[in-house]
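Reviewing the structure listed below.
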Amino acid sequence: MKKFLFLLSMFPCVLSAQISKGGTDKRPALRLSSLQVKNDVVLRAESIDGLPDSTYTYYEAKLHKAVSIKYSEDGWPVLEKGYTDFDYEGFPNDDVKTEYTYTREGDLLVQEATSFLIPYDDGVWHEYVRRINYINANNWPVKTYLYYYLGDGNWELNEVFASVEYNEKGNPTVAIDSIPSTGGRLKAITRFEISYDSQDRIAGLNTFIIRGEADEWKQNERITVTYDDNGNRLDTHFIQDENGEWTTVDYFIETLYDEHGNIISETEKTLDEYGEYRIVWSDTYRHVYLPAAIVPISGIQSGRSSIIYPSPADSYVTVSLREADGAFVTLTDLSGKVVVRQAVGQQANIPVNSLPRGIYLLTVKSANGTDVHKLIVK
């Protein structure tokens, strides 16, 4: 179970809740754990120290963490600040913050997150952990490096978590967790095999650890995942004991969505000895959305000289000019990479079925001016 939770922390999107549009359209939210609202981008709410209010986490009905997150204009976190490890009387033990920076390395987005702790005995921020995520075009973290701070500007590599195999849609199917060993070489300690259903949702997860003198992979956990009509997840968790016998632990992840398909709460319930579900942990997200950041339900976007539809789009987007006989269309992703350049007449259909899911900017330049539309590819 600990390795399963570690998997969620390193690759938070692996078993994250699904995006819901009107309660019917379920797709994987290929986002980091803090990006449930990346499709709406702009948000504001009550805050801790002036940052947007993000999430409260409870364990066994006691407050464990309260974190506020500041986002960039394209929806990526740039700063988290809050309180963690509350004691039994409800007082926080430490203040924590995480600062994010972003660069690009080829086709990968590199997210570096450095966390700081401020103990109450000295009131000074101390670096203590750094995580570097390499994120592919599908917004999957394909490799994560975890470092701990040793002092005097030195960091020690503690763990490397990496995808090594993918399916035809770019989703990781095999991931390896490794730790540094003698001579600085990496030693694989856990293997994860991930399967998906027809809607690209996680359907199963098997974990293997090294056992025996031959250092062979031996399976020690397996999880099967099913979903109800509301996108709630029912996981059946099998654990192998020392005698090779499999025992099961059932737990239910209840996910609630707002009208825009963003997560507003997640709750884990597990079966107790009486066969009834009890709450183990819960996350509550308190976001307020600005109307201008939400794509119209009709899927039509109008500009001064052009109209595009539909958005979201899954096969093609139609660009229609109001008056001009011709225009030049450019489609870029949020990193600024140009993925389509095309001249159009009065109207044209631009294929987008080969593009990764995400948010793009579609620029239409004509004699009547320039329009910039936000296009969602699903």
Could you go step by step and tell me if V110 and R104 meet the side chain to side chain contact (heavy atoms under 4.5 Å, CB included) rule?
CA-CA 6 Å; V110 182; R104 297 205 70 87; over 6 Å; no
I would like to know whether L146 and V160 meet side chain to side chain contact (heavy atoms under 4.5 Å, CB included); could you show each step before the answer?
CA-CA 6 Å; L146 180 66; V160 177; over 6 Å; no
For the pair K337 and D333, evaluate salt bridge (Lys or Arg N to Asp or Glu O under 4.0 Å) and give the outcome as yes or no after the intermediate values.
CA-CA 6 Å; K337 179 182 177 181; D333 62 20; 5.7 Å; no
Before you tell me yes or no, could you show the steps for F192 and F161 under ring-ring contact (aromatic ring centres under 6.0 Å, His included), namely the whole-Å CA-CA distance, both residues' side-chain angles and the distance that decides it to 0.1 Å?
CA-CA 10 Å; F192 301 91; F161 198 84; 5.3 Å; yes
Using side chain to side chain contact (heavy atoms under 4.5 Å, CB included), reason through L361 and L331 one step at a time and then give a plain yes or no.
CA-CA 6 Å; L361 297 179; L331 186 64; over 6 Å; no
Using the rule given for side chain to side chain contact (heavy atoms under 4.5 Å, CB included), can you reason through I359 versus K374, listing the C-alpha separation, both sets of side-chain angles and the distance that settles it, and then say yes or no?
CA-CA 7 Å; I359 300 174; K374 183 173 77 172; 3.6 Å; yes
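Heavy-atom contacts from other residues, nucleotides or ligands closer than 6.0 Å to OH of Y128 number more than 12. By the neighbour-count criterion of 12 heavy atoms within 6.0 Å, atom CG of D272 is densely surrounded, having more than that number from other residues, nucleotides or ligands. Heavy-atom contacts from other residues, nucleotides or ligands closer than 6.0 Å to NZ of K97 number more than 12.
Interatomic distance, CZ of R278 versus OG1 of T270, reported as 6.0 Å (0.5 Å rounding). Between the OH atom in Y166 and the CD1 atom in I194 there is a gap of 10.0 Å [rounded to 0.5 Å]. The structure places OG1 of T190 at 7.5 Å from CG of N220, a figure rounded to the nearest 0.5 Å. Distance check: R191 CZ to I210 CD1 gives 10.0 Å after rounding to the nearest 0.5 Å. The CG atom of L117 lies 7.5 Å from the NE2 atom of H126; values are rounded to the nearest 0.5 Å. Residue N232 holds its CG atom at 8.5 Å from NZ of K269, rounded to the nearest 0.5 Å.
The side-chain heavy atoms of Y147 and I132, taken from C-beta on, include a pair separated by under 4.5 Å. A heavy-atom distance below 4.5 Å is found between the side chains of E99 and F116. Residues E159 and D177 form a side-chain contact, since some pair of their non-hydrogen atoms from C-beta on lies under 4.5 Å apart. Using a 4.5 Å cut-off on side-chain heavy atoms (C-beta onward), T173 and Y196 make contact. Looking only at side-chain heavy atoms (C-beta outward), H237 and Y251 come within less than 4.5 Å of each other. Side-chain contact between I350 and Y316 is absent, with no heavy atoms from C-beta onward closer than 4.5 Å. In this structure, Y145 and R131 have side chains that are not in contact, with every pair of non-hydrogen atoms separated by 4.5 Å or more. You'll find the side chain of Y360 stays beyond 4.5 Å of the side chain of L362, heavy atoms only.
T98 and S115 share a side-chain donor-acceptor pair at under 3.5 Å. Under the 3.5 Å distance criterion, with hydrogens and angles disregarded, no donor-acceptor pair is assigned to the side chains of T267 and E254. Under 3.5 Å, the side chains of N133 and T144 contain a donor-acceptor pair of N or O atoms.
Between A348 and Q342, the closest heavy-atom pair is CB-NE2, 4.2 Å. Smallest separation of non-hydrogen atoms from Y100 and E80: OH-OE2, 2.5 Å. Here the closest heavy-atom approach between residue I69 and residue P77 is recorded as CG2-CB, 3.7 Å. Scanning both residues, V142 and N136, for their nearest heavy atoms gives CG1-ND2, 3.4 Å. Pairing each heavy atom of Y149 with each of E127, the nearest pair is CD2-O, 3.4 Å. Taking both residues in full, the closest heavy atoms of K81 and W125 are given as CE-CZ2, 3.9 Å, listed atom of the first, atom of the second, then distance.
Panel note: side chain T332, backbone G336; no donor-acceptor pair is recorded below 3.5 Å. The main-chain N or O of S306 is found under 3.5 Å from a side-chain atom of D371 such that the two form a donor-acceptor pair. The backbone N or O of I239 lies less than 3.5 Å from a partner atom in the side chain of T247, making a donor-acceptor pair. Side chain of T226 to backbone of L234: a donor-acceptor contact under 3.5 angstrom is found. A donor-acceptor distance shorter than 3.5 angstrom exists from the side chain of S195 to the backbone of G204, with no hydrogens or angles considered.
Checked options V329, T330, V372, T370; the residue passing with V364 is V329 (criterion: side-chain contact (heavy atoms from CB on, under 4.5 Å)). Across D235, I253, D283, a single residue satisfies side-chain contact (heavy atoms from CB on, under 4.5 Å) together with E268, and that is I253. Results of the side chain to side chain donor-acceptor pair (under 3.5 Å) test with T207 over Q240, Q219, E221 single out E221 as the only residue that passes.
Taking the ring axis of W246 as reference, the NZ or CZ atom of R222 stays within 45° of it and closer than 6.0 Å to the ring centre. Judged by a 6.0 Å distance limit and a 45° cone about the ring axis, R233 is not positioned over the six-membered ring of F252.
No path of Ile, Leu, Val, Met, Phe, Trp and Tyr side chains, each step under 4.5 Å between heavy atoms, connects I189 with V164, placing them in separate hydrophobic clusters. Under the 4.5 Å side-chain heavy-atom criterion for ILVMFWY residues, a single connected hydrophobic cluster contains both Y134 and L157. L256 and I279 are not part of a single hydrophobic cluster, where members link through side-chain heavy atoms under 4.5 Å apart. Cluster membership check: F238 does not share its hydrophobic cluster with I223, using side-chain heavy-atom separations under 4.5 Å among Ile, Leu, Val, Met, Phe, Trp and Tyr. Tracing side-chain contacts under 4.5 Å through hydrophobic residues (I, L, V, M, F, W, Y), one reaches V339 starting from V344; they form part of the same cluster.
By the 4.0 Å N-to-carboxylate-O rule, E112 lies close enough to R130 to be salt-bridged with it.
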